[in-house]
Amino acid sequence: MENFDQKEAFRQALTGWFNAEKRDLPWRQTKDPYKIWVSEVMLQQTRVDTVIPYYERFIDAFPTIHDLANAPEDVLLKKWEGLGYYSRARNLQAGVREVVEQYNGIVPDNRPTISSLKGVGPYTAGAILSIAYGKPEHAVDGNVMRVLSRILLITEDIAKPKTRKIFEAAVTNLIDHEDPSSFNQGLMELGALICTPTSPKCLLCPVRDFCQAFHEGKERALPVKTKAKKTKEIQFLSLVIQNEQGKWLMEKRPKGGLLADMWQFPLVESLTDDVKNVYGIEKASLFLEFKHIFSHLTWNIKCMAAHSTKADDLSENCRWFSEEEMEELPLPVPMQKIKNEVMK
DNA sequence: CAAACGTGGCT
DNA sequence: TAGCCAAGTTT
């Protein structure tokens with residue numbers, strides 16, 4: 001794919017296929033940069049099928065950039081509940097507020113400015129610029145690296161951060177200036193539907209004639225990617241504590257780190273006398289035991305139910321919630337599991 | 001740069 | 001089952 005004619009034929013094959021075969025996804029019915037932005041953030045490390053219902057509920061709740069800018073954080077997080085990577089939601093709102101305050105509500109249309117927004121990295125910047133504004137900017141995600149590693153026989157380890165630059169340069173070289181949106185999305189759609197990780201459907205591929213890996217029978221050996229290491233396991237005891245008014249005790253997690261600043265049923269290492277004193281409980285009974293696997297660690301959770309004689313808040317990061325208030329509280333999935341068991 | 005950061009589906 | 005994977009960003 002050195003000469004102009006080859007590149008042009010590749011672009012035509014890719015964008016032609018994309019426009020004929022693309023899936024009908026909710027965020028493909030708009031060019032509103034705000035809505036494209038929301039979809040791109042939700043799609044980070046998250047499957048299309050998972051995102052669809054979240055996207056629709058989110059846009060219903062916050063139809064414009066101003067609606068999201070004005071939303072209370074707990075309302076925002078309730079819409080994000082269960083999607084994971086909750087800093088994405090907070091960063092998105094921070095970025096949106098910056099656009100409203102600094103740019104009159106207009107999402108920037110150039111890479112340096114849009115990249116300065118919270119939560120907008122090199123991929124998301126390129127995606128918004130190309131899809132919403134039609135700019136010929138690279139948008140390199142995992143799909144693009146897999147697809148291009150095969151087409152161009154690039155054997156660099158895609159797990160290494162610096163490797164992304166190689167693919168960005170490749171896209172910049174190849175991109176269709178007539179339709180950058182279809183080109184970038186076509187690369188990703190191809191990765192999602194045809195050029196899949198384990199069993200690529202090369203016989204259905206619209207660009208197999210351009211694919212060096214297919215030509216050499218090496219498509220299954222690419223991309224090169226070093227293995228992730230195993231997750232560590234941690235044991236916790238979760239305390240489900242109800243007071244005499246029937247309210248539940250919830251605790252705010254630390255500002256940084258895992259599930260930052262999210263509410264949880266108080267989490268301790270074990271049921272010591274000290275713990276009993278702090279929470280005003282005497283006896284507690286085991287009612288649930290489960291495992292929750294995060295990307296880099298595993299929680300083994302034992303859940304014990306207890307009653308407390310205390311009615312006032314027990315500390316700065318603890319509060320009692322009525323059953324109705326519990327419904328409004330955004331909870332991470334392991335805490336939802338406990339809540340569902342308790343409330344049923 | 002390596003590691004942290006959620007969750008669910010697939011093999 | 002255990003591991004890998006999915007439209008990445010931040011620190």
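Small disclaimer: the values here were computed from a predicted structure and weren't measured. Chain identifiers are assigned alphabetically (A, B, ...) following the order of the sequence lines, protein sequences preceding nucleic acid strands; residue numbering begins at 1 within each chain.
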Inset, instruction - Report which part of the nucleic acid I128(A) touches: base, sugar-phosphate, or nothing (heavy-atom distance under 4.0 Å, all strands). - result: nothing

Inset, instruction - Answer yes or no: is there a donor N or O on one side and an acceptor on the other, between the side chain of K78(A) and the main chain of L329(A), under 3.5 Å? - result: yes

Legend entry - Closest-nucleotide 5' rank along DNA chain C - winner of R47(A) and K118(A): R47(A)

Legend entry - Between P of dA4(B) and CD of Q45(A), the distance in whole Å: 15 Å

Inset, instruction - Please state how far atom CG in N91(A) lies from atom P in dT10(C), giving the value in whole angstrom units. - result: 6 Å

Inset, instruction - Kindly say if H296(A) contacts the phosphate of dA3(B), meaning a side-chain N or O under 4.0 Å from OP1 or OP2. - result: no

Inset, instruction - Please answer whether the main-chain N or O of K247(A) pairs with a side-chain N or O of N243(A) as donor and acceptor at a distance below 3.5 Å. - result: yes

Inset, instruction - Measure from the side chain of P161(A), starting at C-beta and using heavy atoms only, and say which of dG6(B), dC1(B), dG8(C) lies closest. - result: dC1(B)

Legend entry - Upstream residue (5' side of DNA chain C) when I131(A) and S115(A) are each assigned their closest nucleotide: I131(A)

Inset, instruction - Determine whether any donor atom in the side chain of T46(A) lies under 3.5 Å from an acceptor atom in the base of dG6(B), or the reverse, and answer yes or no. - result: yes

Inset, instruction - May I ask you to decide whether K291(A) forms a salt bridge with E233(A), counting only side-chain N to carboxylate O separations under 4.0 Å? - result: yes

Inset, instruction - Report which part of the nucleic acid V120(A) touches: base, sugar-phosphate, or nothing (heavy-atom distance under 4.0 Å, all strands). - result: sugar-phosphate

Inset, instruction - For G191(A), answer base if it contacts any base atom (sugar-phosphate contacts may also be present), sugar-phosphate if it contacts only those atoms, and nothing otherwise; contact means non-hydrogen atoms under 4.0 Å. - result: nothing

Inset, instruction - Have a look at R23(A) and say if it touches a base, only the backbone sugar-phosphate, or nothing, with a 4.0 Å heavy-atom cut-off. - result: base

Legend entry - Protein-nucleotide distance (M42(A), atom CE; dA6(C), atom C1'), rounded to Å: 15 Å

Legend entry - Interatomic distance, M145(A) CE vs dG8(C) C1' [rounded to whole Å]: 9 Å

Inset, instruction - Using only side-chain N and O atoms of R146(A), determine if any of them is under 4.0 Å from OP1 or OP2 of dA6(C). - result: yes

Legend entry - Phosphate OP1/OP2 of dC4(C): any T198(A) side-chain N/O under 4.0 Å: no

Inset, instruction - Apply the side-chain contact (heavy atoms from CB on, under 4.5 Å) test between W37(A) and each candidate in L117(A), L68(A), D32(A); give the one that qualifies. - result: L117(A)

Inset, instruction - Name the nucleic acid region contacted by L83(A), choosing base, sugar-phosphate or nothing; use a 4.0 angstrom heavy-atom cut-off, strictly under. - result: base

Inset, instruction - Could you check how far CE of M188(A) sits from C1' of dA6(C), rounded to whole Å? - result: 13 Å

Legend entry - R88(A) CZ - dG8(C) C1' separation (whole Å): 9 Å

Legend entry - Selected nucleotide, minimal atom distance to S295(A) side chain, candidates dG8(C), dT7(B), dT10(C): dT7(B)

Inset, instruction - Taking atom C1' in both dG6(B) and dC5(C), compute the distance separating them and give it to the nearest angstrom. - result: 14 Å

Inset, instruction - Could you check K165(A) against Y86(A) and say which one's nearest nucleotide on DNA chain B is further toward the 5' end? - result: K165(A)

Legend entry - Aromatic ring proximity, centroids under 6.0 angstrom, F290(A) and H292(A): no

Inset, instruction - Kindly say if Y85(A) contacts the phosphate of dA6(C), meaning a side-chain N or O under 4.0 Å from OP1 or OP2. - result: no

Legend entry - Rounded P spacing from dG8(B) to dT9(C) in Å: 22 Å

Inset, instruction - Would you indicate which nucleotide in dT9(C), dC5(C), dT7(B) comes nearest to any side-chain atom of P197(A)? - result: dC5(C)

Inset, instruction - Report which part of the nucleic acid W27(A) touches: base, sugar-phosphate, or nothing (heavy-atom distance under 4.0 Å, all strands). - result: base

Inset, instruction - For T124(A), report the nucleic acid contact type (base, sugar-phosphate, nothing); a contact means any heavy atom under 4.0 Å. - result: sugar-phosphate

Legend entry - Pairwise C1' distance for dC5(B) and dA6(C), with rounding to whole Å: 15 Å

Legend entry - Atom-to-atom span, OH of Y123(A) to P of dA6(C) - whole angstrom: 13 Å

Inset, instruction - Provide, to the nearest angstrom, the distance between the CD atom belonging to E156(A) and the P atom belonging to dC1(B). - result: 13 Å

Inset, instruction - Please check the phosphate of dT7(B) (OP1 and OP2 only) for any side-chain N or O of H292(A) closer than 4.0 Å. - result: yes

Inset, instruction - By nearest nucleotide on DNA chain B, pick out whichever of S87(A) and A159(A) is the more 5' one. - result: A159(A)

Legend entry - Rounded P spacing from dC4(C) to dA3(B) in Å: 15 Å

Inset, instruction - May I ask you to check whether W80(A) and Y54(A) place their ring centres under 6.0 Å from each other? - result: no

Inset, instruction - Answer yes or no: does atom CD of E178(A) have more than 12 heavy-atom neighbours from other residues, nucleotides or ligands under 6.0 Å? - result: no

